[in-house]
Amino acid sequence: PYLLLRNNFCYIQIRMGKKLVIGSSGQIGVELIEQLAKDFGANQIIAADIKSVLKGKNSAVEYVTLDILDKEKLLKIIKEHNISEVYLLAAMLSAIAEKNIQLAWDLNMKGLLNILDLAKEKYIEKIFWPSSIAVFGPTSPKLNTPQSTLLEPNTVYGISKMSGERWCEYYFLKFGVDVRSLRYPGILSYKSPPGGGTTDYAIEIFHAAINHGFYDSFISEEVTLPMVYMEDAIRATTEIMQADRKNLSINSSYNLAAISFNPEEIANEIKLIFPEFKITYSPDFRNKIALSWPSTIDDSFARKDWGWKHDFDLKKTIIEMVNGIKNSGFN
Ligand code: AKB
């Protein structure tokens, strides 16, 4: 089936196919699939992951095994399932990438190029690809970091995300590939564990507080980082994918902001709920990564272009995290 849309010049035909979420077992993937299934119907979603995937909650979603570096299999899945939209979430995050330089580069970069190429060849109509605050580096402004500024990341992950952004814009301008992207801050969630990031401390601290009453933080007390609650991050993702392309003035990746805090501030909030909670600090290599990232982000382009507005402030995020972990969170 095709949808006929009119832009300023002519009619364009959009193929209406299914949505493929790659990296479906990851922290974002698990929750994005739930939302997409709710919005579009579970039979419209195909979930792919390199791990032989356990059936998710939603049994109507079809799960397939896929290594994003295997372009042939990727194309086969796209054709077989009539895929028109891809959410490419498979990536190696900042901390783990420092220990697997080559693999991180290959996965983060070649995976994206495989998808961009298939969109250029018209097998896919639309792509979502996450970037990160990791594109910023020690020379970027720390406070209210602007959309366009000096980008000199000094991590493998940051270099791959910065390069990925350049490729996204290139494929859009040169080949008309409709790729949309957000520079995610740290994402706080409890349904599925994060894997190998620097901002993971802000999730670990909740589990530690609830299960042990104690947390030894690998980020030092005064290092403030931008964060967002998962529900907001998922909504931002679905909103940018639904936005009218002609309203999008950023063709690389949008700054996205919600809340910012440091370990001391989050520990103090947690102590209001668990007065016995204790925190100590043993900063490791991840602290250096955190120090190279912004503390607060200017996301006015996202707010102006497609109406982004976060809903979860710090207090609301904390309540959701604590209740979520107590009731059902991973251990
Ligand atoms: C990480 O810490 O590596 C990620 C990110 C900010 O992209 N959560």
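Indexing begins at 1, ligand by ligand and atom by atom, following the structure's order. Basis for what follows: all heavy atoms, side chains included, without hydrogens, waters or symmetry-related copies.
The environment of CD in Glu276 is sparse: at most 12 heavy-atom neighbours from other residues, nucleotides or ligands sit within 6.0 Å.
Applying the side chain to side chain contact (heavy atoms under 4.5 Å, CB included) test between Leu248 and each of Phe301, Phe172, Trp306 identifies Trp306 as the sole match.
Under the side chain to side chain donor-acceptor pair (under 3.5 Å) criterion, His81 pairs with no residue at all, not counting sequence neighbours. Partners of Phe285 by ring pair (Phe, Tyr, Trp, His ring centres under 6.0 Å), not counting sequence neighbours: none found.
Sorted by first and then second residue, the ring pair (Phe, Tyr, Trp, His ring centres under 6.0 Å) pairs with a member in residues 213-250 read Tyr229-Phe312; sequence neighbours excluded.
Protein residues with any heavy atom under 4.0 Å from ligand 1: Leu93, Ser94, Ser132, Ile133, Tyr157, Gly197, Thr198, Thr199, Trp293.
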For this session: Decide side chain to side chain contact (heavy atoms under 4.5 Å, CB included) for Lys126 and Ser84; before the verdict, give the C-alpha distance in whole Å, the side-chain angles of both, and the deciding distance to 0.1 Å.
Result: CA-CA 7 Å; Lys126 211 193 250 187; Ser84 63; over 6 Å; no
